[in-house]
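What you see is a predicted model, and the numbers here were worked out from it, not measured in a lab. If you read the sequence from its start, that first residue is 1, and numbering goes on from there.
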Amino acid sequence: MTDRSVELSAEEVGMLRGGPRAAVTVAVVALALRGAVTPGKPGTLQTSGVASGAEGALEKAVHAALHRPLALRDLIDTPRVRAALEQVRRPLVEDGLWREHLPHRTRAGRQVVKGLAVELVLPEGAHAAHEVRELGWDTRERLLAVALYGDAGLAAVVPHLAREGGLTGRLRGDTGATPAGRGGGGGGGISCGGVV
């Protein structure tokens with residue numbers, strides 16, 4: 001196993017923290033921060049018509065799938081997004097951070113998530129979104145907040161998109177546990193929020 005926590009993408013951190021749902025949510029937020037994804041019909045997401053500037057296979061797959069409004073759970077199930085998720089998962093398996101046959105993070109994966117959460121503390125409370133803006137977090141820090149803190153990260157980073165795009169709330173297997181919490185299975189716990 002290599003210690004590559006410094007070079008993990010936010011999507012990989014999302015996968016470690018909350019599984020495929022979390023990784024896709026991070027990709028959605030990355031696109032939304034560039035103005036390429038917006039809320040669609042209630043509880044759905046769609047492209048905005050702005051060039052995506054997508055980086056990596058998962059962002060490209062998400063952007064391509066959102067040419068029509070989709071709920072997050074439907075987005076995750078599109079074949080192109082599933083294939084891109086495999087590209088996020090494979091290096092984690094190779095580095096000993098994710099189990100291949102019983103899909104969830106390993107002890108080493110939990111340690112990486114805990115370490116990153118110590119480095120990036122999310123403001124809490126009703127004014128978290130304002131505090132995140134005041135802190136001047138760059139895009140990577142915002143994406144890591146979503147990857148590490150799930151719904152709370154979404155509410156602080158992209159509250160409008162999270163609320164209107166159906167990114168927050170509990171789905172089957174979504175515990176919303178904090179990074180230091182147990183779990184980390186494939187059910188997800190990461191959501192994403194929209195640009196304020």
Measure across [X] and [Y] and return the closest heavy-atom pair with its distance rounded to 0.1 Å.
X: A10; Y: A147; result: O-CB, 3.4 Å
X: E131; Y: P123; result: OE1-CB, 3.3 Å
X: V50; Y: H63; result: O-NE2, 3.9 Å
X: Q46; Y: P69; result: OE1-CG, 3.3 Å
X: M15; Y: P20; result: SD-N, 3.5 Å
X: G153; Y: L122; result: N-CD2, 3.7 Å

Verdict with reasoning, E12 to R89, per side chain to side chain contact (heavy atoms under 4.5 Å, CB included): CA-CA 7 Å; E12 289 173 316; R89 188 183 65 79; over 6 Å; no
Evaluate the criterion side chain to side chain contact (heavy atoms under 4.5 Å, CB included) for residue pair L70 and L45; output intermediate values, then yes/no. CA-CA 5 Å; L70 288 174; L45 303 156; over 6 Å; no
Set out, in order, the CA-CA distance, both residues' side-chain angles and the distance that settles side chain to side chain contact (heavy atoms under 4.5 Å, CB included) for V113 and L116, then state yes or no. CA-CA 5 Å; V113 171; L116 288 169; 5.9 Å; no
What's the separation between atom [atom1] in [X] and atom [atom2] in [Y], rounded to the nearest 0.5 Å?
X: L143; Y: T139; atom1: CG; atom2: OG1; answer: 6.5 Å
X: R21; Y: L85; atom1: CZ; atom2: CG; answer: 13.0 Å
X: L167; Y: H160; atom1: CG; atom2: NE2; answer: 11.0 Å
X: L120; Y: W137; atom1: CG; atom2: CH2; answer: 4.0 Å
X: K41; Y: R68; atom1: NZ; atom2: CZ; answer: 10.0 Å
X: H130; Y: H127; atom1: NE2; atom2: NE2; answer: 8.5 Å

Do [X] and [Y] come close enough that some side-chain heavy atom pair is under 4.5 Å?
X: R105; Y: L97; value: no
X: T25; Y: V28; value: no
X: P42; Y: E164; value: no
X: H104; Y: L102; value: yes
X: V13; Y: V26; value: no

Looking only at atom types and distance, does a side-chain atom of [X] sit under 3.5 Å from a main-chain N or O of [Y], one as donor and one as acceptor?
X: S48; Y: G35; value: yes
X: T106; Y: G96; value: yes
X: R82; Y: D77; value: no
X: R142; Y: V157; value: no
X: H67; Y: A64; value: yes
X: Y149; Y: A117; value: yes

Pair E59 + R34, salt bridge at N-O below 4.0 Å: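 Judged by the 4.0 Å cut-off on N to carboxylate O distance, E59 and R34 do form a salt bridge.
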Do NZ/NE/NH1/NH2 and the carboxylate oxygens of E86 and R90 come within less than 4.0 Å? yes
Could you walk me through whether L92 and L8 pass the side chain to side chain contact (heavy atoms under 4.5 Å, CB included) test, one step at a time? CA-CA 9 Å; L92 298 174; L8 287 175; 3.9 Å; yes
